[in-house]
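Computed from heavy atoms alone, side chains included, the values below leave out hydrogens, waters and symmetry copies. Count residues from 1 along the sequence.
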Amino acid sequence: MRGNRMTGKNVTVIGLGPMGQAMARAYLNAGYDVTVWNRTASRADDLVALGAKAADNVEAALTANELVVLSLTDYAAMYSILTQAPASALAGRTIANLTSETPKNAREAAAWLADRGATQITGGVLSPPPGIGRPGMSTYYSGPRDAFEAARSALEVLTGTDYLGEDPGLAALYYQIGIGMFWTGLVGYVHSMALAQANGISATRFLPNALSNMSFGYFLEFYAPRIDAGDHRGDVERVSMAVASVEHVLRTAEDSGVDSRLPAAVLDILRGGVRDGRAADSLTALVEVFRKS
């Protein structure tokens with residue numbers, strides 16, 4: 001590296017699933033010299049046709065460029081792949097690790113890479129593959145600031161960047177917090193659409209209602225300062241109210257012949273709040289219940 005940028009528009013992308021493919025294409029479209037590698041070599045064929053270079057092995061992929069972007073299933077795959085090359089192949093590399101993992105594993109990987117002379121920038125991508133290279137998308141990053149700043153322009157080819165700090169686990173933590181909300185919300189939506197269809201209502205017909213029902217902005221803005229202040233007054237809603245409400249959802253699902261395990265699980269959590277003495281408190285009191293678990 002020289003100054004605050006990478007030397008030239010060169011990048012290696014390792015991992016050519018849908019996300020890695022999208023990333024490599026974005027770099028090619030931006031005029032980068034792109035080297036790619038994937039366990040299944042044929043996945044590189046379309047990218048090679050567009051101008052990418054397919055590395056013969058992991059060592060060649062790593063040593064081709066200073067900046068290496070990893071887009072893999074998990075960190076177990078990362079170790080399996082990177083250990084195919086000698087440790088010397090990692091020396092001097094900046095590894096933009098855009099692989100989803102836990103904060104603990106991100107920190108351990110950063111230390112492992114540092115022992116081999118490489119620097120990890122942890123990333124949590126907040127975009128589906130079709131959004132890569134398009135405006136409006138973002139990625140969490142954390143790790144050494146100088147390494148991030150040097151790679152910033154290259155990383156911004158993929159998405160906007162949200163740098164969170166030096167802790168290599170921080171980007172993974174923010175990502176997992178958000179992804180927990182994402183999957184929980186989507187599973188709730190899909191269950192509700194099963195309930196709708198069981199009663200002759202199409203997902204398309206219910207779409208305007210779903211968009212309204214899942215617009216949580218008001219609640220999040222109202223709850224956040226109260227959660228931070230430990231203020232769980234039940235002056236707007238109460239855990240006991242939520243119990244009664246979800247009991248109705250559960251019975252509706254059962255009456256409709258729809259799997260009721262999801263509302264049953266939510267109801268069990270709410271009843272746990274009641275058992276903990278939180279019946280008259282706001283739903284935010286469950287933060288304290290969850291932290292005890």
key: Arg93/Thr12 under side-chain contact (heavy atoms from CB on, under 4.5 Å): CA gap, chis, key distance, verdict   = CA-CA 10 Å; Arg93 309 298 137 200; Thr12 291; over 6 Å; no
key: Any donor-acceptor N/O pair, Ser240 side chain to Ala279 backbone, under 3.5 Å   = yes
note = Rounding to 0.5 Å, atoms OH (Tyr75) and CH2 (Trp112) come to a distance of 12.0 Å
message = Does any part of the side chain of Gln120, heavy atoms only, come nearer than 4.5 Å to the side chain of Pro144, both counted from C-beta?
response = no
request  = Identify the residue among Val190, Leu262, Thr252 that makes a side-chain contact (heavy atoms from CB on, under 4.5 Å) with Leu195.
outcome  = Thr252
key: Between CZ on residue Phe206 and CG on residue Leu211, distance to nearest 0.5 Å   = 10.0 Å
query = How far apart are the C-alpha atoms of Tyr174 and Tyr140, what are their side-chain angles, what is the distance that settles it, and do they pass the ring pair (Phe, Tyr, Trp, His ring centres under 6.0 Å) test?
reply = CA-CA 7 Å; Tyr174 268 65; Tyr140 295 131; 5.4 Å; yes
ask   = Heavy-atom distance under 4.5 Å between the side chains of Val11 and Thr35, does that happen here?
value = no
inquiry  = Please determine whether residues Leu62 and Leu70 belong to a single hydrophobic cluster, defined as Ile, Leu, Val, Met, Phe, Trp and Tyr linked transitively by side-chain heavy-atom distances below 4.5 Å.
reply    = yes
Cationic N near anionic O, under 4.0 Å, Glu288 to Lys292 = no
query = So do the side chains of Val266 and Leu250 get within less than 4.5 Å of each other, counting heavy atoms only?
reply = no
query = Quick one: OG1 on Thr184 to CD1 on Ile179, what's the gap to the nearest 0.5 Å?
reply = 10.0 Å
query = Will you find, in the side chains of Ser260 and Arg251, an N or O donor that is under 3.5 Å from an N or O acceptor?
reply = no
query = Would Ile14 end up clustered with Met78 when hydrophobic side chains under 4.5 Å apart are linked, directly or stepwise?
reply = yes
task = Would you sort out whether Val274 and Val239 count as a side-chain contact (heavy atoms from CB on, under 4.5 Å), showing the intermediate values?
result = CA-CA 7 Å; Val274 173; Val239 172; 4.0 Å; yes
key: Check against salt bridge (charged side-chain N to carboxylate O under 4.0 Å, His left out), Asp235 and Arg226   = CA-CA 12 Å; Asp235 56 339; Arg226 287 193 169 201; 2.7 Å; yes
Closest non-hydrogen atom pair between Ala242 and Leu283, with its separation = CB-CD1, 4.3 Å
message = So, taking the atom named CD in Gln197 and the one named CE in Met193, what distance separates them when rounded to the nearest 0.5 Å?
response = 8.5 Å
query = Would you say Ser245's side chain and Met241's backbone share a donor-acceptor pair under 3.5 angstrom?
reply = no
Atom pair CG (Leu82) and CD1 (Ile95), whose distance is rounded to the nearest 0.5 Å = 6.5 Å
remark   = Looking only at heavy atoms, the pair that brings Leu47 and Leu28 closest together is O-CD1, 4.0 Å
query = In terms of the angle between their ring planes, are Tyr218 and Phe222 parallel, tilted or perpendicular, with boundaries placed at 30° and 60°?
reply = parallel
task = Taking the six-membered ring for Trp and the single ring otherwise, decide whether the centroids of Phe148 and Tyr163 are under 6.0 Å apart.
result = yes
query = Where do Gln176 and Ser100 come nearest, in terms of heavy atoms and distance?
reply = NE2-OG, 3.1 Å
request  = Start with the C-alpha gap between Tyr32 and Val157, add the side-chain angles, then the distance that decides, and say whether side-chain contact (heavy atoms from CB on, under 4.5 Å) holds.
outcome  = CA-CA 10 Å; Tyr32 274 65; Val157 170; 3.7 Å; yes
inquiry  = Exactly one of Thr122, Thr102, Asp167 should register a side chain to side chain donor-acceptor pair (under 3.5 Å) with Arg107. Which one does?
reply    = Asp167
ask   = For Glu59, does its backbone N or O pair with a side-chain atom of Thr63 as donor and acceptor, under 3.5 Å?
value = yes
key: Ile201 backbone acceptor or donor facing Asn199 side chain under 3.5 Å   = no
key: Donor-acceptor side-chain pairing of His232 and Thr284 below 3.5 angstrom   = yes
key: Connected via hydrophobic side-chain network under 4.5 Å: Ile121 and Leu113   = no
message = Could you tell me if the side chain of Thr94 sits less than 4.5 Å from the side chain of Val68, heavy atoms only?
response = no
inquiry  = Between the side chains of Asp276 and Arg271, is the shortest nitrogen-to-carboxylate-oxygen separation below 4.0 Å, so that they form an ion pair?
reply    = no
inquiry  = Tell me the closest heavy-atom pair linking Val246 and Leu270, and the distance in Å.
reply    = CG2-CD1, 3.6 Å
task = Answer yes if the side chains of Thr139 and Thr159 hold a donor-acceptor pair under 3.5 Å, and no otherwise.
result = yes
query = Is there side-chain contact between Val34 and Arg25, with at least one heavy-atom pair below 4.5 Å?
reply = no
message = For the CE atom on Met214, are there more than 12 heavy atoms of other groups (residues, nucleotides or ligands in this structure) within a distance under 6.0 Å?
response = yes
ask   = Do you know which two heavy atoms are closest between Asp74 and Glu101, and how far apart they sit?
value = CB-OE2, 3.7 Å
inquiry  = According to a hydrophobic-cluster definition based on side-chain heavy atoms being under 4.5 Å apart (Ile, Leu, Val, Met, Phe, Trp, Tyr only), do Leu50 and Trp37 belong together?
reply    = no
message = Test your reading of the model: is there a side-chain donor-acceptor pair from Thr40 to the backbone of Arg43, 3.5 Å cut-off?
response = no
request  = Starting from the C-alpha separation in whole Å, work towards a yes-or-no answer on side-chain contact (heavy atoms from CB on, under 4.5 Å) for Met23 and Val69.
outcome  = CA-CA 9 Å; Met23 291 175 175; Val69 173; 4.0 Å; yes
Identified side chain to side chain donor-acceptor pair (under 3.5 Å) counterpart of Ser282 within the set Arg233, Arg238, Glu237 = Glu237
inquiry  = Working note: Ser80 + Arg39, criterion side-chain hydrogen bond (donor to acceptor under 3.5 Å, both in side chains); need CA distance, chi angles, decisive distance, verdict.
reply    = CA-CA 11 Å; Ser80 175; Arg39 290 189 198 198; 3.2 Å; yes
task = Quick one: closest heavy-atom pair of Leu286 and Ile269, and the distance?
result = CD2-O, 4.2 Å
query = Are side-chain N/O atoms of Ser138 and Asp162 paired as donor and acceptor at under 3.5 Å?
reply = no
ask   = Under a single-linkage definition using a 4.5 Å side-chain heavy-atom cutoff for Ile, Leu, Val, Met, Phe, Trp and Tyr, are Leu72 and Tyr175 assigned to the same hydrophobic cluster?
value = no
ask   = So do Tyr27 and Val13 actually touch side chain to side chain, heavy atoms under 4.5 Å?
value = yes
message = If you define the side chain from C-beta out and look only at heavy atoms, does anything of Leu126 sit under 4.5 Å from Met137?
response = no
inquiry  = Determine whether a donor-acceptor pair (N or O, by modelled atom type, separation under 3.5 Å) exists between the side chain of Lys53 and the backbone of Ala64.
reply    = no
query = Quick one: does Ile132's side chain get under 4.5 Å of Met19's, heavy atoms only?
reply = yes
query = NZ/Lys9 to CG/Asn65 distance, rounded to the nearest 0.5 angstrom?
reply = 13.5 Å
message = Looking at Asn38 and Ala41, would you say the former's side chain and the latter's main chain have a donor-acceptor pair under 3.5 Å?
response = no
